[in-house]
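Just so it is clear, the structure is predicted and the values come from calculations on it, not from any experiment.
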Amino acid sequence: MEALALGRAPPGWRRPAGSAFPVLSILLSAFLLRAPPAVGYFARLPRSFRLTQDSLKIVGSSHFPENSTAQVTSTGSLIFQNFEESMSGVYTCFLEYRPTVEEVVKNLQLKYIVYAYRDPHFYYQFTARYHAAPCNSIYNISFERKLLQILSKLVLDLSCEVSLLKSECHRIKMQRAGLQNELFFTFSVSSIDTDKGRKPCTDHNCETSKRLSKAKNLIERFFNQQVEALGKRVEPLPEIYYIEGTLQMIWINRCFPGYGINSLKHPRCPECCVVCSPGSYNPRDGIHCFQCNSSLVFGAKACI
């Protein structure tokens, strides 16, 4: 889980990338105080404002009193470790500085809204239909297992996995062929975390979207090859075979419960799944947070 600060950030603000336990650095932090949710967005520094190490005085403690996972370092950096969605909220930073040696000490207050965010959970969902044996036949069950094994092996080297979401057998009335049995399959192909895969990936070809795109092409080729094989067959058709043209693949983009995508509210990260703010919730793997006035916490998964 990572943290996201929205708004115009001062120089020195940076957002980490790819870390499971990110470090969020605010180099202009001095004394840190967790502000109540009612506080608005953080203030901006004047364009002419500049800070140097000599003019900055750290007036806060290097230990954050409310939570051991957040600290203010001796150089004024705000550090989060093991960031949790409940730590989202408005943070206030108080600065005490002297622009020049001759001038009096001045105070500056900055407010930051910090949100937890997660990368979207995206995958391909595909459906296919097969002419089948009678619906109560054990051959259909055996074929289902074999098909899943073949598809899983097909994308394994891409650190992807295929899951069977639904399998149904129906007796269909055809216009010319009369009644026939058909198997309706719904699968998903998703990315396996690279640290869990057999072959660690480091280059750009290991990006989730690239691997899923390759997996999609392999699956489409597999079903096309079945059509070609049936077209060359001189013997009668087998009892179970793929019905040409029934493969459909769609891209699914989902956020985890308690998170949602909102490009208007979070324009600096329009494709991020950002933790739902108080007053909203997401109970399932959707892409939006729904309004709920009784929800008073970040990351709500129910409207209570």
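Heavy-atom minimum distance, Leu147 versus Phe187: CD2-CZ, 3.9 Å. Looking at every heavy atom in both residues, Ser159 comes nearest to Arg211 through O-NH1, 2.9 Å. Minimum interatomic distance between Ala215 and Cys160 (heavy atoms only, all atoms of both residues): CB-SG, 4.3 Å. Across Phe298 and Val275, no two heavy atoms sit closer than the pair C-CG2, 3.9 Å. Minimum interatomic distance between Ser191 and Leu212 (heavy atoms only, all atoms of both residues): N-CD2, 3.9 Å. Closest approach of Ala132 to Asn140, counting heavy atoms only: CB-OD1, 3.6 Å.
Taking CD1 from Ile287 and SG from Cys273, the interatomic distance works out to 8.5 Å, rounded to the nearest 0.5 Å. Note that NZ of Lys166 is 10.0 Å distant from CZ of Phe184, once rounded to the nearest 0.5 Å. The CG atom of Leu108 sits 8.0 Å away from the SG atom of Cys93 when rounded to the nearest 0.5 Å. Between the CG atom of Leu151 and the OG atom of Ser163 there is a distance of 11.0 Å, given to the nearest 0.5 Å. Atoms CG and CG, on Leu296 and Asn293 in that order, are 9.5 Å from each other to the nearest 0.5 Å. Taking OG of Ser277 as the reference point, atom CD1 of Ile113 lies at 7.5 Å (rounded to 0.5 Å).
Linking ILVMFWY side-chain heavy atoms closer than 4.5 Å, directly or via other members, places Leu165 and Val155 in two distinct hydrophobic clusters. Taking hydrophobic clusters as Ile, Leu, Val, Met, Phe, Trp and Tyr residues chained together by side-chain heavy-atom distances below 4.5 Å, Leu154 does not share a cluster with Ile192. Hydrophobic clustering keeps Ile243 apart from Met249 (ILVMFWY residues linked when any side-chain heavy atoms are closer than 4.5 Å, directly or through intermediates). No continuous path of hydrophobic side-chain contacts links Ile172 to Leu247 [ILVMFWY only; heavy atoms under 4.5 Å]. Leu164 and Ile141 end up in different hydrophobic clusters when Ile, Leu, Val, Met, Phe, Trp and Tyr side chains are linked at under 4.5 Å.
When side chains are defined from C-beta on, Asn107 does not count as touching Tyr97, because their heavy atoms never get closer than 4.5 Å. Counting heavy atoms from C-beta outward, Phe185 and Leu148 have side chains that stay 4.5 Å or more apart. Side-chain atoms of Ser152 and Glu161, non-hydrogen and from C-beta on, never get closer than 4.5 Å to each other. In this structure the side chain of His288 never reaches within 4.5 angstrom of the side chain of Cys255, judged on heavy atoms. Under the 4.5 Å side-chain criterion, counting only non-hydrogen atoms from C-beta, His266 is in contact with Tyr115. Ser188 has its side chain out of reach of Val162: every pair of non-hydrogen atoms, C-beta onward, lies at least 4.5 Å apart. Looking at heavy atoms from C-beta onward, Gln180 lies in side-chain contact with His131 at the 4.5 angstrom threshold. Two residues are said to be in side-chain contact when any heavy atoms from C-beta on lie closer than 4.5 Å; Tyr123 and Val189 fail this criterion.
Other residues, nucleotides and ligands place more than 12 heavy atoms under 6.0 Å from the CZ atom of Arg233. In this structure, Glu244 places its CD atom where only 12 or fewer heavy-atom neighbours from other residues, nucleotides or ligands lie under 6.0 Å away. Enclosure of atom CG in Leu237 by more than 12 non-hydrogen atoms of other residues, nucleotides or ligands within 6.0 angstrom is indicated.
Ring-centre distance between Tyr91 and Tyr112: not below the 6.0 Å cut-off.
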* To do: For the pair Tyr124 and Ile219, evaluate side-chain contact (heavy atoms from CB on, under 4.5 Å) and give the outcome as yes or no after the intermediate values.
  => CA-CA 11 Å; Tyr124 278 104; Ile219 291 171; over 6 Å; no
* To do: Would you sort out whether Gln109 and Thr92 count as a side-chain contact (heavy atoms from CB on, under 4.5 Å), showing the intermediate values?
  => CA-CA 7 Å; Gln109 177 178 306; Thr92 303; 3.6 Å; yes
* Asked: Checking side-chain contact (heavy atoms from CB on, under 4.5 Å) for the pair Arg254/Ile252: CA distance, chi angles, key distance, verdict?
  -> CA-CA 6 Å; Arg254 293 289 184 266; Ile252 304 294; 3.7 Å; yes
* To do: Would you sort out whether Ser295 and Ser280 count as a side-chain contact (heavy atoms from CB on, under 4.5 Å), showing the intermediate values?
  => CA-CA 6 Å; Ser295 173; Ser280 63; over 6 Å; no
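The aromatic rings of Phe126 and Phe223 lie perpendicular to each other, with more than 60° between the two planes, well past the 30° mark.
When the options Thr100, Val105, Val101 are evaluated for a side chain to side chain contact (heavy atoms under 4.5 Å, CB included) with Glu103, the one that passes is Thr100.
With hydrogens and angles ignored, the 3.5 Å screen pairs a side-chain donor or acceptor of Thr246 with a backbone N or O of Arg129.
A donor-acceptor pair shorter than 3.5 Å can be found between the side chains of Glu85 and Tyr259. Side-chain N/O atoms of Tyr130 and Gln226 include a donor and acceptor closer than 3.5 Å. Between the side chains of Thr127 and Gln248, not a single donor N or O lies within less than 3.5 Å of an accepting N or O.
Electrostatic pairing of Lys216 and Glu220 counts as a salt bridge here, judged by a charged N lying under 4.0 Å from a carboxylate O.
Residues that satisfy the side-chain contact (heavy atoms from CB on, under 4.5 Å) test with Arg284, not counting sequence neighbours, are Asn282, Phe290.
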